[in-house]
2 protein chains.
Amino acid sequence: MNELDKTDRKILEILQKNARITNKELSSQLGLSPPPTLERVKKLESSGYITGYIAVLDPKKVDLGAVMMVSVTLHQHSEEAIEAFHRAIENLTEVMECYHLTGDDDFILKVVCKDIQQYERFVREKLARLNTLGKIKSSVVLSTVKMVREYPISER
Amino acid sequence: MNELDKTDRKILEILQKNARITNKELSSQLGLSPPPTLERVKKLESSGYITGYIAVLDPKKVDLGAVMMVSVTLHQHSEEAIEAFHRAIENLTEVMECYHLTGDDDFILKVVCKDIQQYERFVREKLARLNTLGKIKSSVVLSTVKMVREYPISER
DNA sequence: ATTGAAAGGAATTCGCG
DNA sequence: CGCGAATTCCTTTCAAT
């Protein structure tokens, strides 16, 4: 798939807001009939624009009230050390996001836990035990000012 | 809704992975018939466990290849200054996430742009113009090691 | 609180402009 | 590329348990 037209971009905007909209309703919002609408959606999926459809939960409701941002520095920076760190992070369910950064710190992690006690256990029993790990700096998230999952779709 | 049973938790797990699953398929994965499955899903929605269903896009495909993590300090910390900052952030489409933190920096932002040039414009024309703003420190995201949107559902 | 049947809609296919 | 009709499948309701 090469270039998105206006209709494709509108589909992405609508589905980013509501993934469970029916094809019929989607088509009516586009001013199209259902068959071409469905075909466009399928094409956006198969060409990798849409990677999935997910339910969004309220973390507090599922007992994940503590959010932390954690700056991590490795104690060495060989290819293998970084690879090993990546693989370790992959297996830690508490880590929702992890970015490799330029600057003083190597990585920043977003970690969710039930409470601060569980976070402490996570650090002591899991994070601090990674042998590539240098030092960490934890910051408590006092409030989530913004957390949008919708990418702005540019005109081209 | 008071407490989730095992079936409810499994529903949340499945829908976090695939929001467009049919009710029929969902019910068969649960070992239930469709009607009670549907009722449980509706209840999870109305009681706030599920806040929405969204399509997940590939940011690179929609021309958002540059990701930055930005530490922000305000130059004053009155109630109004913080409120004003919140409201301003709300209107910046480039800011996907913003957390109010403990520690040296007040906030951390995740910002997505087409490229570094667009990021520079964002900083100069939008972020730096907020009059509550003290100083910022930008870090380029070299790679996204992990970005999961699925919360781990605890046993209780 | 779950089941099975039944009615009403929606998804999907296909032939055609 | 999009449309409209037709078929198949799913959703949703309801009586029964």
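Computation of the quantities below employed the complete heavy-atom set of this structure, encompassing side-chain atoms and omitting hydrogens, waters and symmetry-equivalent molecules. Residue numbers begin at 1 in each chain, while the letters A, B, ... track the order of the sequences. None of these values were measured; they are calculated from a predicted model.
One atom, CG of A:Leu38, and another, P of C:dC14, lie 13 Å apart when rounded to the nearest Å. Atom pair A:Asn23:CG and D:dC9:C1' shows a separation of 14 Å (rounding to whole Å applied). Protein atom NZ of B:Lys24 is 15 Å distant from nucleotide atom P of D:dT12, rounded to whole Å. Here C:dG4 presents its P atom at 12 Å from CG of B:Leu32, a figure rounded to the nearest Å. Here the C1' atom of nucleotide C:dA11 and the CZ atom of A:Arg20 are 15 Å apart, to the nearest Å.
The nucleotide whose nearest atom lies closest to any side-chain atom of B:Pro36 is, among D:dC14, C:dT2, D:dC3, C:dT2.
Note: B:His100 and B:Phe107 have parallel aromatic rings, judged against thresholds of 30 and 60 degrees for the angle between ring planes.
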(request) Any chance you could lay out the side-chain contact (heavy atoms from CB on, under 4.5 Å) test for B:Ile50 and A:Val56, step after step, and finish with the verdict? (result) CA-CA 6 Å; B:Ile50 298 172; A:Val56 179; over 6 Å; no

(request) Let me see the working for B:Tyr119 and B:Gln117 under side chain to side chain donor-acceptor pair (under 3.5 Å), right down to the final yes or no. (result) CA-CA 5 Å; B:Tyr119 177 69; B:Gln117 286 67 43; over 6 Å; no

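Summary of the strand contacts: B:Glu25 and A:Glu39 both lie near DNA chain D, and taking for each the nucleotide with the nearest heavy atom, the more 5' one is attributed to A:Glu39.
For A:Arg40 and D:dC1, the shortest distance from a side-chain N or O to OP1 or OP2 is not below 4.0 Å.
Looking only at atom types and distance, the side chain of B:Tyr151 has no donor-acceptor partner in the side chain of B:Glu13 under 3.5 Å away.
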